[in-house]
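As structure tokens, the structure follows; a few thoughts come after it.
Letters A, B, ... are given to chains in the order of the sequence lines, protein chains preceding strands, and every chain is numbered from 1. Predicted model, so just to flag it, every value in this text is computed and none were measured.
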Amino acid sequence: METPERMTAITRLMREHHGDIDERPSEPRDPYRTLIGCVLSHRTRDENSSRAARNLFAEIEGPLDLLTMKPDTLKELIRCSGFFNQKARSIVAISRVLVDNFGGMVPDDRETLMGLPGVGPKTADIVLSHAFQKPAIAVDVHVSRVARRLGLAPNDAGPERVKEALERLVPPDLYRFVDNAFVRHGKEFCRNSNPRCSGCFLIELCTIPGSQSR
DNA sequence: ATCCCGAGGG
DNA sequence: CCCTCTGGAT
């Protein structure tokens with residue numbers, strides 16, 4: 001496949017799917033909210049993590065408020081997202097570090113972000129790209145799967161290799177739109193199980209066997 | 001029973 | 001790279 005075709009595929013994806021995921025809105029949002037929203041979203045359905053984020057941020061403004069909250073109150077607010085014990089611990093730990101070491105501000109470089117408890121590559125890249133408008137591509141399971149199926153990355157590529165592949169194909173000023181586009185496509189059409197190939201507008205590029213007749 | 005926007009540890 | 005952590009919603 002020629003590079004122009006791949007570029008077209010990505011461009012079409014980004015045109016089709018806009019930012020409508022809670023902590024990845026089209027417009028940049030408060031870094032702290034973005035960060036905590038990512039923690040709440042770990043391995044949970046977006047409706048549930050979004051509800052938890054709205055519940056929580058109806059009560060607080062920033063890390064200082066959060067640290068004054070009773071642990072049970074916090075857990076109750078985020079319960080609907082599941083894994084609430086682990087998430088509550090992580091949210092408190094992060095807020096503690098932010099207040100103690102960073103003046104209550106969220107750091108804007110990748111290394112420091114990934115040093116925070118419960119913050120890995122995906123969360124760091126979401127915060128960098130969406131809250132700070134920095135050129136970073138956030139890769140989650142949807143991005144990886146869709147990129148591999150479209151032949152944009154080798155089918156045995158892990159998150160890091162997928163990221164490198166996409167960085168070579170997308171202009172840096174568009175990096176922050178990649179995750180929403182791929183995630184949306186991955187949820188609506190290119191699902192992990194039972195993909196809706198018949199509705200996919202990129203089916204001619206698909207590499208998975210049987211996709212043309214599904 | 002199965003799925004869901006990961007991170008950390010071995 | 002694989003395993004575990006750990007809960008709600010359908």
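Residue-level contact check: A:Val119 touches the backbone only, with heavy atoms under 4.0 Å from sugar-phosphate atoms and none from bases. At a threshold of 4.0 angstrom between heavy atoms, the contacts of A:Phe84 are confined to the sugar-phosphate backbone, with no base atom among them. Note on A:Asn85: only backbone sugar-phosphate atoms sit closer than 4.0 angstrom, heavy atoms only; bases stay farther off. Across all strands, A:Thr123 comes closer than 4.0 Å only to sugar-phosphate atoms, never to a base (heavy-atom distances).
In this entry the distance linking CD1 of A:Ile94 with P of B:dG6 reads 15 Å, nearest Å. The nearest whole Å value for the distance from the CZ atom in A:Arg191 to the P atom in B:dC4 is 9 Å. Distance A:Arg89 CZ to B:dG6 C1': 15 Å, rounded to the nearest Å. Put simply, CD1 on A:Ile91 is 14 Å from P on B:dA7, counting in whole angstrom units. Remark: C1' of B:dC5 and NZ of A:Lys163 are 16 Å apart, rounded to the nearest angstrom. Here the P atom of nucleotide B:dG6 and the CG atom of A:Asp46 are 11 Å apart, to the nearest Å. When the C1' atom of B:dC3 is taken as reference, atom NE2 of A:His42 falls 18 Å away, rounded to whole Å. The distance between atom CG of A:Asn192 and atom P of B:dC4, rounded to the nearest whole Å, is 7 Å.
The residue among A:Arg43 and A:Glu47 whose nearest nucleotide of DNA chain C lies closer to the 5′ end is A:Arg43. For A:Arg51 and A:Gln86, each mapped to the nucleotide of DNA chain C holding its nearest heavy atom, the one lying further toward the 5' end belongs to A:Gln86. Position along DNA chain B of the nearest nucleotide to A:Leu116 versus A:Ser81 favours A:Ser81 as the more 5'-ward residue.
A salt bridge does not link A:Glu164 to A:Arg161: none of the charged nitrogens lies less than 4.0 Å from a carboxylate oxygen.
Remark: side-chain polar atoms of A:Ser129 are not paired, donor with acceptor, to backbone N or O of A:Pro135 under 3.5 angstrom. A:Arg191 places a side-chain N or O within 3.5 Å of a backbone atom of A:Asn194 that can act as its donor or acceptor partner. Distance alone, capped at 3.5 Å, is enough to place a donor-acceptor pair between the A:Thr68 side chain and the A:Asp65 backbone. One N or O on the side chain of A:Arg145 and one on the backbone of A:Gly186 form a donor-acceptor pair closer than 3.5 Å.
For DNA chain C, the outermost nucleotides in 5' to 3' order that have an atom under 4.0 Å from a heavy atom of chain A are C:dC5 to C:dA9.
Spacing between C:dC5 and B:dC4 at atom C1', rounded to whole Å, works out to 15 Å. Nucleotides C:dT6 and B:dT2 place their C1' atoms 15 Å apart, quoted to the nearest Å.
Side-chain N/O atoms of A:Lys187 include one lying less than 4.0 angstrom from OP1 or OP2 on B:dC5.
One cannot find a donor-acceptor pair under 3.5 Å joining the base of B:dC4 and the side-chain atoms of A:Thr44.
When distances run from any side-chain atom of A:Arg45 to the nucleotides B:dC5, B:dC3, B:dA7, the shortest one goes to B:dC3.
The side-chain contact (heavy atoms from CB on, under 4.5 Å) test applied to A:Thr44 returns A:Ser49, A:Phe83, A:Lys87, not counting sequence neighbours. Every salt bridge (Lys or Arg N to Asp or Glu O under 4.0 Å) that A:Lys134 has, sequence neighbours left out, goes to A:Asp108.
Among A:Val178, A:Asp140, A:Asp46, the one residue that satisfies the side-chain contact (heavy atoms from CB on, under 4.5 Å) test with A:Val183 is A:Asp140.
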